[in-house]
Amino acid sequence: MKPIYESVSSFSEGVATAVLNGKSDLLDTKGKLILKPEFSTGNGFVGRFHDGYILLALSGEAYDYTQRLVDDQGNIIAIPGADQINGYGDGMISYSDGGFGFKNVAGDVIVKPAFSNVRDFKAGADKGFIDNNNEYSAYLINKAGEIVWSRE
């Protein structure tokens, strides 16, 4: 008998996120478990699968979350030099190291961590922001790490 899930959502690329007995899990299109349900309340998958990956948020103390990249086989991927992943999109990982920057999945630095805040890459570009005494400058960055537009 197949388990009864409390919720199933975020289906994309042949994988769905699910909750079983209060723990997060991944399912394939046949309802087969990809992972053992091990991530309890406060932990879970963020967003949807795209380009073969999804983010997993692991809770720490008082709203302190660590995010990791998980592939469609359930493997947690270590990104060299990116202990804190902040987001993922278009094959680019945003990470923090004295500022926000971007690496590819192999861990190569594409954009040095020089931004106060960034979004997730979509359609080959992303926004980066630099805080100058509470006045933010916005930049559009391409996947080559080039600033292709700025609001200055």
Inset, instruction - Working to the nearest 0.5 Å, report the span between OG1 of Thr17 and CG of Asp25. - result: 9.5 Å
Legend entry - Mutual orientation of the aromatic rings belonging to Phe121 and Phe102 [parallel < 30°, tilted 30-60°, perpendicular > 60°]: perpendicular
Legend entry - Donor-acceptor contact below 3.5 Å, side chain Glu146 vs main chain Ile141: no
Inset, instruction - Keeping the roles fixed (side chain from Lys143, backbone from Asp90), state whether a donor-acceptor pair exists under 3.5 Å. - result: yes
Inset, instruction - Examine distances only and state if a side-chain atom of Thr29 and a backbone atom of Gly14 form a donor-acceptor pair shorter than 3.5 Å. - result: no
Inset, instruction - Start with the C-alpha gap between Val105 and Tyr53, add the side-chain angles, then the distance that decides, and say whether side chain to side chain contact (heavy atoms under 4.5 Å, CB included) holds. - result: CA-CA 10 Å; Val105 177; Tyr53 299 97; 3.5 Å; yes
Legend entry - Which residues share a side-chain hydrogen bond (donor to acceptor under 3.5 Å, both in side chains) with Asp72, sequence neighbours left out: none
Inset, instruction - Could you please spell out the steps behind the side chain to side chain contact (heavy atoms under 4.5 Å, CB included) verdict for Val109 and Tyr95? - result: CA-CA 10 Å; Val109 174; Tyr95 74 104; 3.8 Å; yes
Legend entry - Those residues that, when tested against Asp71, pass side-chain hydrogen bond (donor to acceptor under 3.5 Å, both in side chains) (two or more places apart): Asn75
Legend entry - Pairs flagged by side chain to side chain donor-acceptor pair (under 3.5 Å) wherever residues 113-127 is involved - sequence neighbours left out: none
Inset, instruction - Return yes if some donor-acceptor pair links the side-chain N/O of Gln67 with the main-chain N/O of Leu56 below 3.5 Å, else return no. - result: no
Inset, instruction - Would you check, one step at a time, whether the test side chain to side chain contact (heavy atoms under 4.5 Å, CB included) holds for Asn86 with Val118? - result: CA-CA 9 Å; Asn86 297 58; Val118 293; 5.8 Å; no
Inset, instruction - Assess the pair Tyr139 and Phe129: is the distance between their ring centroids shorter than 6.0 Å? - result: no
